Amino acid sequence: QVQLVESGGGLVQAGGSLRLSCVASRSIFSVNAMGWYRQAPGKQRELVVTITNGGSTNYADSVKGRFTISRDNAENTVYLQMNSLEPEDTAVYYCNLKYTSRLGIEINSWGQGIQVTVSS
């Protein structure tokens, strides 16, 4: 099992920026994908962005051009740079990791979530 710890959330005004970080508790032998999801009050969890081991990204239409995912493989960390934040971005953001263990088991790991609140 790999634990993921998110940080960098908080309260910002509309138009502001935040950078979320997600640190894995250990290095991963074979990462399939990492990403960010979010869940707003009363709504289903939704994809924000994913990035594959090969570097391909998939952004939700609602965040394209505003959010950017990046990785620091040496530090087992994935980031989400969020610019031009809108009140509609208010949600709990979850880091996600999909990987294959050294035993060949597919693992889906989630962080505990971190609150992002954007005021108008």
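No experiment lies behind these values; they were computed from the predicted model shown.
For the atom pair CG (Asn76) and CD1 (Ile28), the distance works out to 6.5 Å, reported to the nearest 0.5 Å. To the nearest 0.5 Å, atoms OG (Ser62) and CZ (Phe67) are separated by 7.5 Å. Annotation: the span from Asn108 atom CG to Lys98 atom NZ amounts to 4.5 Å, rounded to 0.5 Å. With values rounded to the nearest 0.5 angstrom, Met82 atom CE is found 12.0 Å from Ile69 atom CD1.
Both Ile107 and Val31 sit in one connected hydrophobic cluster of ILVMFWY residues. Membership requires side-chain heavy atoms under 4.5 Å apart, directly or through other members.
In terms of heavy atoms, Leu97 sits closest to Met34 at CD1-CG, 3.5 Å.
A 4.5 Å side-chain heavy-atom check between Arg66 and Asp89 finds at least one atom pair inside the cut-off.
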Indicate every side-chain donor-acceptor pair of residues 2-25 with a distance under 3.5 Å to a residue at least two apart or in another chain.
| unit_1 | atom_1 | unit_2 | atom_2 | d |
| --- | --- | --- | --- | --- |
| Glu6 | OE1 | Gln112 | N | 3.2 |
| Glu6 | OE1 | Gly113 | N | 3.0 |
| Glu6 | OE2 | Cys95 | N | 2.9 |
| Glu6 | OE2 | Gly113 | N | 3.2 |
| Ser17 | OG | Asn83 | OD1 | 2.9 |
| Ser25 | OG | Gln3 | N | 3.0 |

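Residue Trp110 shares its hydrophobic cluster (ILVMFWY side chains chained together at separations under 4.5 Å) with Tyr37, Leu47, Val92, Tyr94.
With sequence neighbours excluded, the residues satisfying salt bridge (charged side-chain N to carboxylate O under 4.0 Å, His left out) with Glu46 are Arg38.
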Test side chain to side chain contact (heavy atoms under 4.5 Å, CB included) on Tyr59 and Thr68 and set out the steps. CA-CA 9 Å; Tyr59 290 89; Thr68 304; 3.9 Å; yes
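Between the side chain of Asp72 and the backbone N or O of Val78, no donor-acceptor pair lies under 3.5 Å.
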